Amino acid sequence: MKILILFTYNKSFLSLFFVELAKSLKSDGNEVSLFSLKTEEKPVYSIDGINCTIKQKGSYIKNYRLIGRFIKQESPDIIISNFSYVNPALFFGKIFRIKQNIAWVHTLTEQTNPSKKQIFIKQQFLKLANLVVVNSEYLKQDLVTHFKVPSFKLKAIPFWTTLGTFKKESTIELSPNSHFKIGCPGRLVPDKNQALIISALVNLENNSSVTLYLAGDGANKQNLEKQIAGHSLDAQVVFLGNLSSEAMRGFYTGMDLIVLPSLHEAFGLVFIETISQGVPVLVSSAFGALTFIDSNYEGLSDIVFDPGDSESLKLKIENIIQGKGKSNQYYLNLYENHFDKDTILHQFKQLLIP
């Protein structure tokens, strides 16, 4: 089969997920090509025998034309698209009668707050898809409720992590007075809910022996700084800014505990990245990745918390500080049992037209 994958090619973990997917599809004997829009056009080049075409992105209309022309030129049997590529890929896939047009959707409505007009437009485009792949049961229900996508068109498939492909880089300066290091990666925006960890830190017993490291940047940084100053925690909270993929791997393994307090996460790659490294984690119950784990899985309730309850989070943090948490092997097993790359690839390939 001839397969075309449209996504933004860069050094992000999600981008590498689609590259690894492409390599696996090619290893099965399929003809696979990649297409991406970037700020600068590049000559077609090969990634392990897979042609990657990068065109210079421009206006809304220009981008549609570029995508349409490429689909017509390639005439694939299957199209796989995500993010901003979904609408044009579905539109031109219909025009050029592509056999199977797959939209891979990653974002919850609560995270984007679309207008009624945007919802209506997205509804019309998603009608053109043969299949919509989502990364959690949360997102599956979201598309049924808000975008009226029939449930038979939807398939929930998790991600695996590509973190292991990066060389570990330890560029983080740790405070000398930090006996216990808590890390929180993510954009500094209200939805990521970093304020909850700060509230929990205020009430921790012996909190002077704990340092919180925030990896990321964003519009909510000033509000967080005010909260930190108001509780005299300036010496115990460190803003690391945005980190490279290599530095992120060092960040995870450099922490004693990772806390992920988001109010909404369609999936939450940071969760599976953390457990894939065997690092202790406390994760918000809003993470879509949890929908791939049996709620009765042994010990799961010990690491999941309500993102609106700072007291519950505080107690779980104290439990881990006191040495009562799960072993590193527990987290490794959690990842291997639920987010195994080969298993996920098999699940996806079963959906493709034979």
Side-chain angles (χ1 to χ4, degrees), residues 108 110-111 136 138 175 177-216 218 220-240 251-252 255-266 268 270-272 274-275 279-291 293-328 330-331 334:
L108 287 164
E110 290 88 347
Q111 293 174 292
S136 70
Y138 291 161
S175 298
N177 67 341
S178 177
H179 302 292
F180 192 87
K181 302 176 290 296
I182 299 176
C184 178
R187 291 176 296 115
L188 303 183
V189 295
D191 196 59
K192 296 298 181 182
N193 202 26
Q194 290 93 347
L196 185 80
I197 310 179
I198 297 168
S199 296
L201 182 59
V202 171
N203 298 311
L204 279 180
E205 293 182 19
N206 302 317
N207 67 4
S208 60
S209 64
V210 177
T211 300
L212 171 64
Y213 294 88
L214 299 174
N220 202 41
K221 182 178 179 180
Q222 189 174 17
N223 290 332
L224 293 174
E225 288 174 331
K226 288 180 181 178
Q227 182 186 5
I228 291 163
H231 292 291
S232 302
L233 293 174
D234 304 75
Q236 291 166 251
V237 183
V238 180
F239 289 89
L240 298 173
F251 170 81
Y252 286 123
M255 296 296 130
D256 298 303
L257 170 67
I258 297 292
V259 179
L260 306 171
S262 297
L263 296 173
H264 307 98
E265 288 288 351
V270 287
F271 172 61
I272 65 167
T274 304
I275 61 176
V279 177
V281 62
L282 293 175
V283 59
S284 157
S285 58
F287 270 63
L290 295 173
T291 64
I293 304 173
D294 187 332
S295 59
N296 294 317
Y297 186 84
E298 188 254 327
L300 188 64
S301 61
D302 295 333
I303 69 171
V304 177
F305 64 91
D306 179 346
D309 187 350
S310 65
E311 178 64 20
S312 171
L313 176 58
K314 184 205 78 160
L315 294 174
K316 288 179 184 290
I317 292 174
E318 287 178 344
N319 196 51
I320 292 175
I321 291 175
Q322 294 165 10
K324 300 175 184 177
K326 303 297 180 186
S327 69
N328 292 51
Y330 172 87
Y331 297 98
L334 187 63

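Numbering starts at 1 and runs along the sequence shown. Keep in mind that this is a model prediction, so the values were computed, not measured.
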Would you say Val237 and Leu201 make side-chain contact, with heavy atoms under 4.5 Å?
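Val237 vs Leu201: side chains touch.
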Is the side chain of [X] donor-acceptor paired with the backbone N or O of [Y] at a distance under 3.5 Å, no angle test?
X: Asp256; Y: Lys181; value: yes
X: Asn193; Y: Leu263; value: no
X: Asn207; Y: Asn203; value: no
X: Gln236; Y: Leu233; value: no
X: Asp302; Y: Lys326; value: no

Nearest heavy-atom pair of [X] and [Y]: which atoms, and what distance?
X: Leu313; Y: Ile197; answer: CD2-CA, 4.1 Å
X: Leu290; Y: Ser285; answer: CD1-CA, 3.9 Å
X: Gly216; Y: Leu188; answer: O-CD1, 3.6 Å
X: Phe305; Y: Leu260; answer: CZ-O, 3.5 Å
X: Pro261; Y: Leu196; answer: CB-CD2, 4.2 Å
X: Ala229; Y: Asp234; answer: CA-OD1, 3.6 Å

Flag yes if more than 12 heavy atoms outside Glu205 fall under 6.0 Å of its CD atom; otherwise flag no.
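No, because the 6.0 Å sphere around CD of Glu205 holds 12 heavy atoms or fewer from other groups.
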What do you reckon, is CD of Gln322 surrounded by more than 12 foreign heavy atoms closer than 6.0 Å?
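Yes.
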If I take atom [atom1] from residue [X] and atom [atom2] from residue [Y], how far apart are they, to the nearest 0.5 angstrom?
X: Ile303; Y: Asn319; atom1: CD1; atom2: CG; answer: 12.5 Å
X: Leu204; Y: Phe180; atom1: CG; atom2: CZ; answer: 9.5 Å
X: Ser262; Y: Gln194; atom1: OG; atom2: CD; answer: 7.5 Å
X: Ile275; Y: Tyr252; atom1: CD1; atom2: OH; answer: 11.0 Å
X: Tyr213; Y: Cys184; atom1: OH; atom2: SG; answer: 14.0 Å
X: Ile198; Y: Gln227; atom1: CD1; atom2: CD; answer: 4.0 Å

Any chance you could lay out the side chain to side chain contact (heavy atoms under 4.5 Å, CB included) test for Tyr331 and Thr274, step after step, and finish with the verdict?
CA-CA 8 Å; Tyr331 297 98; Thr274 304; over 6 Å; no
Between Thr211, Ile317, Leu214, which is the residue that forms a side chain to side chain contact (heavy atoms under 4.5 Å, CB included) with Ile182?
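With Ile182 as partner, Thr211, Ile317, Leu214 yield a single side chain to side chain contact (heavy atoms under 4.5 Å, CB included), made by Ile317.
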Please report the C-alpha distance between Phe287 and Val270 in whole Å, then the side-chain angles of each, then the deciding distance to 0.1 Å, and finally whether the side chain to side chain contact (heavy atoms under 4.5 Å, CB included) criterion is met.
CA-CA 10 Å; Phe287 270 63; Val270 287; 3.9 Å; yes
Take Tyr297 and Leu334 through the test side chain to side chain contact (heavy atoms under 4.5 Å, CB included) and record every step on the way to the result.
CA-CA 9 Å; Tyr297 186 84; Leu334 187 63; 3.4 Å; yes
Selection residues 185-194 - residue pairs positive for salt bridge (charged side-chain N to carboxylate O under 4.0 Å, His left out), sequence neighbours left out:
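As it turns out, the salt bridge (charged side-chain N to carboxylate O under 4.0 Å, His left out) pairs with a partner in residues 185-194, which skip direct neighbours, are Lys192-Glu265.
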Audit row: Ile258, Phe251, side chain to side chain contact (heavy atoms under 4.5 Å, CB included) steps and yes/no:
CA-CA 10 Å; Ile258 297 292; Phe251 170 81; 3.8 Å; yes
